[in-house]
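I have placed the structure first, in the form of structure tokens, so that the comments after it can refer back to it.
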Amino acid sequence: MRVALFVTCLVDLFRPSVGFASIKLLEAAGCEVVVPEGQTCCGQPGYNSGDRASAQAVARRVLQDFAAYEYVVAPSGSCAGMIKTHYPELFKDDPAALEQALWLAKRTYELTDFLVNVAKAKAVSASFKGSVTYHDSCSGLRELGVQSQPRALLQAAGVPVKEMANAATCCGFGGTFAVKLGDISSAMAEKKCAGALATGADAIAGGDLGCLLSIEGRLRRRGDDKTKVIHVAELLAGPE
Amino acid sequence: MARMSGVRADAVAKVPNFEEIRTAGAAIRDRVLSNLDAYLFQFEQAAQARGVIVHWAETGTDVNRIVRDIAQQNGVKKIIKSKSMLGEESSLNHYLQEAGLDVRETDLGEYILQISGETPSHIIAPAIHKSKEDVGELFERVHQMPRKHTIPEMCREARMMLRPHFLSADMGISGANFLIAETGSVVIVTNEGNGRMTTTMPRIHVAITGIEKVIPTLEDLSVLLRLLTRSATGQATSNYISMLTGVRGPNDSDGPEQMHVVIVDNHRTELLASDMREALRCIRCGACMNHCPVYEVIGGHTYGWVYPGPIGSVLTPSYVGLEKAGELPNASTLCGACAVVCPVKIPLPDLMRKLREKSFERKLRPASERLSMRLWGYVAARPKLYALATKLGARMLQWMGGEDKLIHKLPGGLKEWTNGRDMPAPSGKTFRELYAEKKAVGK
């Protein structure tokens, strides 16, 4: 299987290790991984801020750059959700682009969803020693139905998951929401942290770097420098 | 709110085909909205045939004037009210009191707010922001009675205070959850029984409701009721469902001598004609706010007008104007929890996004924000430029992170991030750079 990795803008800028971990996991599952060079961002910041024209300009590049691959995989439910569920809406008035968008949507997957349901990854292991609590990020959960997939992988790797009561509640990140209404965003992150810490897990894991940056940022601000905050891909692929 | 969402989940789980009922409910509401004029006309005819006087109000001001005129023409002195969100839209209580009328709220939550001089913070649980202790203290002060400490005692005391008003009122005002076109009935769904007393004990009943509340048949009502009570309070059915059909007949033992229905537009036709019509499907259950993590943090009053939560973020800009609605369309992470529970499948996040597009187009967002979005769009559509910008950005952010690799204060348009949290700093090189280095070594 030839897979194009959609790195995502946050992974590119803030945590490249998530990108390398994703490549490792996909290759271990028998995929040939390509990283299309021209990629930047899925366009979501513009789309959710009401700047439709900018969002379209950025998304058009994605349509082009990822046209030639059998599958497109992103280590993010949010970016995969943008491509899969929102690109068709974004290009609804442009028949040619819409056709490309629908075709791309069909082939695009969130990483854990792809590993479990398409690549049927079998042998998964984790170097991480300890328990985790899993944060379901909103777009992955509600747009793509990603919930059991990361847990199945963690279970297969022998990582115990301690569920928090508010696993499916938004962490407050919300893209540009986090800088437009920062106080509300932080208060929501605090609730997420409280729920996660109540489980006593050694780490908070998730599938979207945006959420993880917000959660980790809140944890550190409240003085917790012990609890690890880690992307599920890093957790499963272990250190480089 | 966790309790409200929990009871809904339990109630919904007991109905195996709840998703099908949601689909049916949405279809009923869409059918109504596509034929609104016809169903409203049918309702008017059927209600008039039962002796009901139907009034049409274009604005909130019209609502107030119509209700005041009914009161004054009939020598009314005391009015009792059960919940009406339309009354909140037009500040009806205030207006009627100014006109010299004695107006008493009888819904327990609304009564609490009236005696404390506050407005509702939730559409079905208006005083949800107040604790038991708040209410105990309020009752002690206002009622001049010994302090009560349990909820049943407080309820008993409120009933005791309200009873004389029920018995002496000349007019009752209610809202309406639904209008039934085929029978001309006004349907109200309540739990406290005050609604039934308000609409049947005084000699005049006035129901006030929006044009979108009409539904075709009683069959349709059965579908929507199954959705409404479960979505609102997790009840299979509410304690009272009143079907108020016409005035007291010659052989009836109770009911009002006069019944008026005030049907209100107040910007609803504008919404109907827009690309956001789905918002008018709303049956006012409150599930969207009960499941909203933003509402949970900020509470209902922060939304600034009658309707809080996600539906408020959509209705308020539509009814009072986008330019007066401040941050409302942006007051959401678009997490989608509301859309999943909405009994009539209103795509609330999509509607909020449409409002964001409208405010961007109409230049209602700050110039700095519009400029940075445009700049982002320009750079992100040019890979080479983007690679350079992120290369510099990664180094800058690494430097800002310092030794503990945490940024404690972000500048400019990003500064709100660090109001309540840090920003974990990156390690200095982008994925793009590292991947290129790795490939070069591999070759």
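Order of the sequence lines sets the chain letters (A, B, ...), proteins ahead of strands, with each chain counted from 1.
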Sub-4.5 Å side-chain heavy-atom contact between B:Trp417 and A:Leu213:
yes
Can you check whether A:Phe177 reaches B:Val294 side chain to side chain, under 4.5 Å on heavy atoms?
yes
Could you check whether any side-chain heavy atom of B:Pro424 comes within less than 4.5 Å of a side-chain heavy atom of A:Arg15, counting everything from C-beta outward?
yes
Which atoms of B:Ser359 approach chain A - backbone, side chain, both or neither, heavy atom under 4.5 Å:
neither
Options B:Ala339, B:Pro329, B:Gly428, B:Ser332, ranked by heavy-atom pairs under 4.5 Å with chain A, top entry:
B:Ser332
Does the side chain of B:Glu369 reach to within under 4.5 Å of the side chain of A:Thr176, using non-hydrogen atoms?
no
If I compare all heavy atoms of B:Arg421 with all of A:Arg221, which pair ends up nearest, and what's the gap?
O-NH2, 3.1 Å
For residues A:Val18 and B:Phe431, determine if any side-chain heavy atom of one lies less than 4.5 Å from a side-chain heavy atom of the other.
no
Give, as side chain, backbone, both or neither, the part of B:Ala436 having an atom under 4.5 angstrom from any heavy atom of chain A.
neither
Per-residue tally against chain A (heavy atom, under 4.5 Å) across B:Leu397, B:Asp422, B:Thr333, B:Val379 peaks at B:Asp422
Side chain, backbone, both or neither: which part of B:Lys358 has an atom under 4.5 Å from a heavy atom of chain A?
neither
Please examine the side chains of A:Val35 and B:Arg432, heavy atoms only from C-beta on, and report whether any two atoms are closer than 4.5 Å.
no
Which one of B:Arg353, B:Met423, B:Arg356 has the most heavy-atom pairs closer than 4.5 Å to chain A?
B:Arg353
To the nearest 0.5 Å, atom CD of B:Glu433 lies from atom CG of A:Asp12 at 8.5 Å
Check B:Arg374 against A:Ser54 and note the closest heavy-atom contact, atom names and distance.
NE-OG, 3.6 Å
Most chain A-contacting option - heavy-atom pairs closer than 4.5 Å, from B:Ile407, B:Leu410, B:Val340, B:Val297
B:Val297
Would you check if A:Pro16 and B:Tyr435 make a side-chain contact, meaning some heavy-atom pair closer than 4.5 Å?
no
Are the side chains of A:Tyr47 and B:Leu334 in contact, using a 4.5 Å heavy-atom criterion?
no
Let's test your reading of the structure: which of B:Gly377, B:Pro426, B:Ala331, B:Ser427 forms the most heavy-atom pairs below 4.5 Å with chain A?
B:Pro426
If you look at every heavy atom in B:Glu357 and A:Arg52, which pair is closest and at what distance?
OE2-NH1, 2.9 Å
Chain A contact via B:Leu414 - side chain, backbone, both or neither, heavy atoms under 4.5 Å
both
